[in-house]
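Have a look at the structure below, then the notes.
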Amino acid sequence: QVRLVESGGGSVQAGGSLRLSCEVSGYFYGGYCMGWFRQGIGEERESVATLNTGSGNANYADSVKGRFTISYDSGKNTLALQMSSLKPDDSALYYCARAACSPRGDPHITATKYTAWGQGTQVTVSS
């Protein structure tokens with residue numbers, strides 16, 4: 001059974017940094033696509049950063065490009081999201097997710113393609 005457990009959320013002032021981690025366990029056939037999504041109160045879940053762990057290709061939302069970096073440590077089975085220059089608009093519940101995809105090419109970017117999800121970790125950025 002696939003299990004995703006996020007950690008690293010918290011409260012930070014604008015301009016600060018946080019590093020989110022997602023511990024991945026269990027077998028997931030073809031689960032090369034992994035990603036971070038977020039959902040603010042009253043908002044739809046949106047893609048933040050996604051990664052094809054086979055090709056190494058990553059995709060970032062325009063709002064986080066240059067500030068966030070997604071990475072995967074296969075030795076530790078951990079997906080990370082390094083966030084810097086945080087803004088109040090980055091406040092949300094952040095989810096880690098996994099999807100089946102080809103090991104070549106770009107990662108899926110739509111949430112509906114992802115079938116395994118973590119429970120989420122809250123990020124709050126104050127001005």
Side-chain angles (χ1 to χ4, degrees):
Q1 183 177 354
V2 177
R3 189 163 182 248
L4 305 173
V5 180
E6 303 96 336
S7 61
S11 297
V12 65
Q13 288 192 327
S17 299
L18 281 175
R19 183 178 179 86
L20 305 184
S21 294
C22 175
E23 185 176 339
V24 183
S25 60
Y27 180 71
F28 192 123
Y29 179 76
Y32 296 99
C33 281
M34 301 197 69
W36 289 96
F37 296 78
R38 67 187 182 189
Q39 187 168 16
I41 297 174
E43 299 178 359
E44 293 187 357
R45 191 169 298 188
E46 64 173 355
S47 172
V48 176
T50 56
L51 175 69
N52 186 317
T53 59
S55 66
N57 291 349
N59 182 277
Y60 294 91
D62 288 341
S63 60
V64 307
K65 282 181 181 176
R67 300 188 297 120
F68 291 11
T69 302
I70 188 172
S71 62
Y72 182 67
D73 186 333
S74 58
K76 297 180 179 179
N77 293 326
T78 300
L79 182 74
L81 184 69
Q82 180 65 47
M83 307 185 294
S84 60
S85 302
L86 284 161
K87 305 174 182 179
D89 284 349
D90 294 319
S91 298
L93 189 60
Y94 283 70
Y95 297 90
C96 168
R98 194 171 189 181
C101 67
S102 167
R104 294 178 291 276
D106 293 330
H108 295 317
I109 61 173
T110 55
T112 54
K113 293 285 190 179
Y114 288 77
T115 57
W117 292 84
Q119 81 290 349
T121 185
Q122 180 68 38
V123 172
T124 303
V125 184
S126 58
S127 58

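When a residue number appears, it is its place in the shown sequence, counting from 1. These numbers were taken from a predicted model, which means no experiment stands behind them. Hydrogens, waters and symmetry mates are skipped; everything else that's a heavy atom, side chains included, is used.
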Original post:
Does the side chain of Ser47 reach to within under 4.5 Å of the side chain of Lys113, using non-hydrogen atoms?
Top reply: no
Original post:
Where does the angle between the aromatic ring planes of Phe68 and Tyr94 fall among parallel (under 30°), tilted (30 to 60°) and perpendicular (over 60°)?
Top reply: tilted
**OP:** For the residue pair Ile70 and Tyr60, establish whether any side-chain heavy-atom pair is separated by less than 4.5 Å.
**Re:** yes
**OP:** Would you give the length of the straight line joining atom OG1 of Thr112 to atom CD1 of Ile109, rounded to the nearest 0.5 angstrom?
**Re:** 10.0 Å
**OP:** To the nearest 0.5 Å, tell me how far Leu18 CG sits from Thr121 OG1.
**Re:** 9.0 Å
Original post:
Roughly how far, to the nearest 0.5 Å, is CG of Leu79 from CD of Glu6?
Top reply: 9.5 Å
**OP:** Determine yes or no for a side-chain-to-main-chain donor-acceptor pair under 3.5 angstrom, with Gln119 supplying the side chain and Val5 the backbone.
**Re:** no
**OP:** Evaluate side-chain contact (heavy atoms from CB on, under 4.5 Å) for Asn77 paired with Tyr72, printing each intermediate quantity in order.
**Re:** CA-CA 7 Å; Asn77 293 326; Tyr72 182 67; 3.4 Å; yes
**OP:** Before accepting this row, confirm whether a basic side-chain N of the pair Lys87/Asp90 lies closer than 4.0 Å to the acidic partner's carboxylate O.
**Re:** no
Original post:
Does some side-chain heavy atom of Met34 sit less than 4.5 Å from a side-chain heavy atom of Phe28?
Top reply: no
Original post:
When hydrophobic residues are tied together by side-chain contacts of less than 4.5 Å, even through go-betweens, does Leu93 share a cluster with Trp117?
Top reply: yes
**OP:** Please round to the nearest 0.5 Å and tell me the distance separating atom CD of Gln82 and atom OG of Ser71.
**Re:** 8.5 Å
Original post:
What is the minimum heavy-atom distance between Pro88 and Ser126, and which atoms define it?
Top reply: CG-C, 4.4 Å
Original post:
What's the shortest heavy-atom distance between Leu51 and Ala58, and which atoms?
Top reply: CD1-CB, 4.1 Å
Subject >> Tyr95 and Tyr114: CA distance, side-chain angles, deciding distance, ring-ring contact (aromatic ring centres under 6.0 Å, His included) verdict >> reply: CA-CA 11 Å; Tyr95 297 90; Tyr114 288 77; over 10 Å; no
**OP:** Indicate yes or no for a side-chain donor-acceptor contact from Asn57 to the backbone of Asn52 under 3.5 Å, with no hydrogens or angles considered.
**Re:** no
**OP:** Please check if the side chain of Thr124 supplies one atom and the backbone of Ser91 the other of a donor-acceptor pair under 3.5 Å.
**Re:** no
Original post:
Quick one: does Ser55's side chain have a donor or acceptor within less than 3.5 Å of a partner on Gly105's backbone?
Top reply: yes
Original post:
Distance from Leu4 atom CG to Ser25 atom OG, nearest 0.5 Å?
Top reply: 7.5 Å
Original post:
Hey, does the side chain of His108 reach the backbone of Ala100 with a donor-acceptor pair shorter than 3.5 angstrom?
Top reply: yes
**OP:** Could you point out which residue of Thr110, Asn59, Asp106 forms a side chain to side chain contact (heavy atoms under 4.5 Å, CB included) with Thr50?
**Re:** Asn59
**OP:** May I have all residue pairs that pass disulfide bond (SG atoms under 2.5 Å apart) and include part of residues 61-125, sequence neighbours excluded?
**Re:** Cys22-Cys96, Cys33-Cys101
Original post:
Any side-chain heavy-atom pair from Met83 and Arg67 closer than 4.5 angstrom?
Top reply: no
Original post:
Quick one: do Phe37 and Val2 end up in the same hydrophobic cluster if we chain Ile, Leu, Val, Met, Phe, Trp and Tyr together by side-chain heavy atoms under 4.5 Å apart?
Top reply: no
**OP:** State, with a plain yes or no, whether a side-chain heavy atom of Leu20 is found less than 4.5 Å away from one of Val123.
**Re:** yes
Original post:
Is a side-chain donor or acceptor of Arg38 paired with a backbone partner of Ala92 at a separation under 3.5 angstrom?
Top reply: no
Original post:
Taking all non-hydrogen atoms of both residues, which atom of Gly26 and which atom of Arg98 are closest, and how far apart?
Top reply: O-NH1, 4.1 Å
